[in-house]
Number of protein chains: 2
Amino acid sequence: MPMTTFTPPTRILMGPGPSGAHPRVLAAMTRPLLGHLDPDFLRVMDGCRAMLREVLQTENEVTIATPGTGTSGMEAAVMNLVEPGDRVVVGICGYFGERIAQMAERAGGEVTRVQSPWGQPVDAAVVEAAVRAAGGVKLLAIVHAETSTGAETPVEPFARIAREHGALLLVDCVTSLGGMPVRVDAWGADAVYSGTQKCLSAPPGVAPLTLSPRAWDAVRRRETPCNTWYLDLQLLEAYWDERRVYHHTAPISMVYALHEALSLVLEEGLETRWARHERNGRALQAGLEAMGLTLHAQAGYRLPVLTTVRIPEGVEDTAVRGALLHRHGIEIGGGLGELKGRVWRIGLMGESSTPGNVLLLLNALGKLLREQGFKADIRAGLDAATERLGGG
Amino acid sequence: MPMTTFTPPTRILMGPGPSGAHPRVLAAMTRPLLGHLDPDFLRVMDGCRAMLREVLQTENEVTIATPGTGTSGMEAAVMNLVEPGDRVVVGICGYFGERIAQMAERAGGEVTRVQSPWGQPVDAAVVEAAVRAAGGVKLLAIVHAETSTGAETPVEPFARIAREHGALLLVDCVTSLGGMPVRVDAWGADAVYSGTQKCLSAPPGVAPLTLSPRAWDAVRRRETPCNTWYLDLQLLEAYWDERRVYHHTAPISMVYALHEALSLVLEEGLETRWARHERNGRALQAGLEAMGLTLHAQAGYRLPVLTTVRIPEGVEDTAVRGALLHRHGIEIGGGLGELKGRVWRIGLMGESSTPGNVLLLLNALGKLLREQGFKADIRAGLDAATERLGGG
């Protein structure tokens, strides 16, 4: 029995992703389909490749979009770089670091986990000690912007550790790309992947990925084929580069959407876009604190694009999120893993990162908290945010 | 530097996929994004699940769409069902059967390949002998509709073999689903996957997949986690069923497109849709033969949805395909693997399966062949096709 055509409600997407998509990105997906080897489609792929290099700040030849959501980028990077018996050190300060570790184990790696408390960055000194202790580490992995905790781990110290110990550096930039500085070549990162549904503001469905020449050599010198055929980077690159060897039928409409989203990012300009995310994120954080709430991530390491705020004592997590969604049309995220029920995750990513959304959220959340008996100082929150937004 | 917004040319997609998409499917992707745990989005997923069961003719509880193109469905089925050391027999009569075998090897399986000539169906007697010789076979795999050769392998004999030898039966229905009878439960198939960009006429990007209770038991009783984390069916099912455990951010817009495409399939009715594909496919084949061309696939096993035709002596493959594309706006496919340069692959799938497209292709191809010195009898071709189309 056919279902009736559905009309989704309009939501203001302020969770950990997806973020709202620009109308131009949605419209791009209505363009007629082309074959995956049509010369006109190959030009669109080449355009994506060129713009991805610019957005990722890299000259890496191997720069593609894997045919799946952000996690497909993670899986492609990990499964292709890790061979059975390889030593891998993962700096973990949240849910997604642990996911990398699990994938590296499935790839046959000997994995050392270096844990930091959820809400803090990964500790470089402890990681360096672990890398030294393990010896002969092939891959060091961290998450730049932990979507589960709202904390940033600055990349530079880990790049130095990787260089000094002859390891490759993998950096998860799913949540940071397009919203805060990601400088693949300047960092010296070897494998970087992202998603499209965070600060790039395209629908989920393809995952940007880039490999340094060093990492690409490691992939090509594997002694055994990697575990995955679908995400085998040697097969994917042979389709993305001038060889154009058939591997899979590209997700045509998603590639159109990515092309349009990258164009929008570059039209705005990376520096301008980073500054917008910074300004709106700090305004939200100032507002939440002025309302009387406590931010979860460590000061100095708070992501501008994703804010974790502690749920006050006596306030019911799902009741507040449900009312935000159904009465105000605003989606925010609950906690993940050990932070479930303890924090909310509020995203200001891509198209969703606007001054209006900052004020809307503070006002709506403040009212719902007051209904639940928490005396949020809404006026102070709005004042603090407005000041940071420059609307003083 | 941002790229200018591109406007793809309008193509008539008569290759091996993607096929043309219905305007309602393209329009579905412009609907506003929802979060992947939004109750309204979960209802869309449930709708897909119910409609997929109907289209696949199954009551299997585990019926989902994997977050990638058709090959992601193949990888999910193979990697989850095959454990290291498992015996696997693959009946191969084309490119995609070989792909299954390669994936099963990457999963650690002990793979026996049973080869048939490209253009014929898999030989059940030879497969049965191989299954008996191998002993204790866990998985028997075939491709229902070989996109590389245009040949159908009837499923029933293999279901009997699998049952009698205690093996699970995996059937690739990427090219058949929505265009010719696929009856998962009546066949007794245990793992079936498909793509969206063939006879379902949605853009590529998600892959329908269903597992019988027997296959699902085998997945859950694995002793080791499967190779892939991204396509781990136990993790995917936990998101698709009522547990709603976060695993990946669903490709929201692709799921909207799938929902609309499945609605269209069921509005047309499965029997009516199969008959349409049958009529148009046989008309094309009659027309090609009447023009003086030779069909490649064995008579009696020719797919209605994808026709392989031999390239006549002295005719240049790429020149003809290039002229079809650039002068007539028609895409057809070249040969794959050992048929490269020897056949063309002409699809009549989903929205692309129309009487008009049959006549358009015959006329355009006939003219181009005559330019190349092959005396195609265009009038005879059009007459033969018209008669089959019922317009005689």
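Here is how names work: the chains are called A, B, and so on, in the same order as the sequence lines, proteins then strands, and each is numbered from 1. Since we're looking at a predicted model, the values are computed, not measured.
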Quiz prompt | Closest non-hydrogen atom pair between B:H36 and A:P18, with its separation | solution = ND1-CD, 3.7 Å

Practice problem: Please assess A:T30 against B:T30 for the test side chain to side chain contact (heavy atoms under 4.5 Å, CB included), listing each intermediate value before the final yes or no. | Solution: CA-CA 7 Å; A:T30 62; B:T30 61; 3.0 Å; yes

Quiz item: What part of A:L262 gets closer than 4.5 Å to chain B, counting heavy atoms only: side chain, backbone, both or neither?
Solution: neither

Quiz item: Below 4.5 Å, heavy atoms only, C-beta onward: do A:R43 and B:F6 meet side chain to side chain?
Solution: no

Quiz item: Between the side chain of B:Y230 and the main-chain N/O of A:T69, is any donor-acceptor distance below 3.5 Å?
Solution: yes

Self-check item: Separation between CZ of B:R106 and CG of A:D232, rounded to the nearest 0.5 Å
Solution: 4.5 Å

Practice problem: Check each atom of B:L34 against the heavy atoms of chain A and say whether the ones under 4.5 Å are side chain, backbone, both or neither. | Solution: both

Practice problem: Could you tell me the separation between the CG atom of B:L13 and the CG atom of A:D38, rounded to the nearest 0.5 Å? | Solution: 8.0 Å

Quiz item: Heavy-atom distance under 4.5 Å to chain B: side chain of A:C226, backbone, both or neither?
Solution: both

Self-check item: Euclidean distance, A:T249 OG1 relative to B:K198 NZ, rounded to 0.5 Å
Solution: 5.0 Å

Quiz item: What's the shortest heavy-atom distance between B:S253 and A:M254, and which atoms?
Solution: CB-CE, 4.2 Å

Self-check item: Residue among B:P9, B:G15, B:P67 with most heavy-atom pairs under 4.5 Å to chain A
Solution: B:P9

Quiz item: Tell me, side chain or backbone of B:S19 under 4.5 Å from chain A's heavy atoms, or both, or neither?
Solution: backbone

Quiz item: Can you name the nearest heavy-atom pair linking B:W229 to A:E75, along with the distance?
Solution: N-OE1, 2.9 Å

Quiz item: For A:M29, is it the side chain, the backbone, both or neither that has a heavy atom under 4.5 Å from a heavy atom of chain B?
Solution: both

Quiz item: How are the rings of A:Y246 and B:F96 set relative to one another: parallel (under 30°), tilted (30 to 60°) or perpendicular (over 60°)?
Solution: perpendicular

Self-check item: Among A:G205, A:G47, A:G195, A:P23, residue most engaged with chain B (heavy-atom pairs, under 4.5 Å)
Solution: A:G47

Practice problem: Against chain B, work out which of A:R31, A:E267, A:E331 has the most heavy-atom pairs shorter than 4.5 Å and name it. | Solution: A:R31

Quiz item: When only pairs under 4.5 Å are counted, which of A:T196, A:V44, A:L37, A:N227 shares the most heavy-atom pairs with chain B?
Solution: A:N227

Quiz prompt | Distance, nearest 0.5 Å, that separates CZ of B:R99 from NE2 of A:H248 | solution = 9.5 Å

Exercise. Give, as side chain, backbone, both or neither, the part of A:A250 having an atom under 4.5 angstrom from any heavy atom of chain B.
Key: backbone

Quiz item: Non-hydrogen atoms of chain B under 4.5 Å away: do they reach the side chain of A:H247, the backbone, both or neither?
Solution: backbone

Self-check item: Interface moiety of A:E54 toward chain B, non-hydrogen atoms closer than 4.5 Å
Solution: side chain

Exercise. Determine the minimum heavy-atom distance between A:L33 and B:A21, stating which atoms define it.
Key: CD1-CB, 3.8 Å

Quiz item: Which value, rounded to the nearest 0.5 Å, describes the distance between A:I252 atom CD1 and B:Q197 atom CD?
Solution: 8.5 Å

Quiz item: Out of A:A28, A:A76, A:P39, A:S72, which one racks up the most heavy-atom pairs below 4.5 Å with chain B?
Solution: A:S72

Quiz item: Using a cut-off of under 4.5 Å for heavy-atom pairs, which of B:Q102, B:H259, B:M103, B:H326 has the most such pairs with chain A?
Solution: B:H259

Quiz prompt | A:L264, part contacting chain B, at a heavy-atom distance under 4.5 Å | solution = neither

Practice problem: Heavy atoms only: give me the nearest B:P32-A:P8 pair and the separation to one decimal. | Solution: O-CG, 3.9 Å

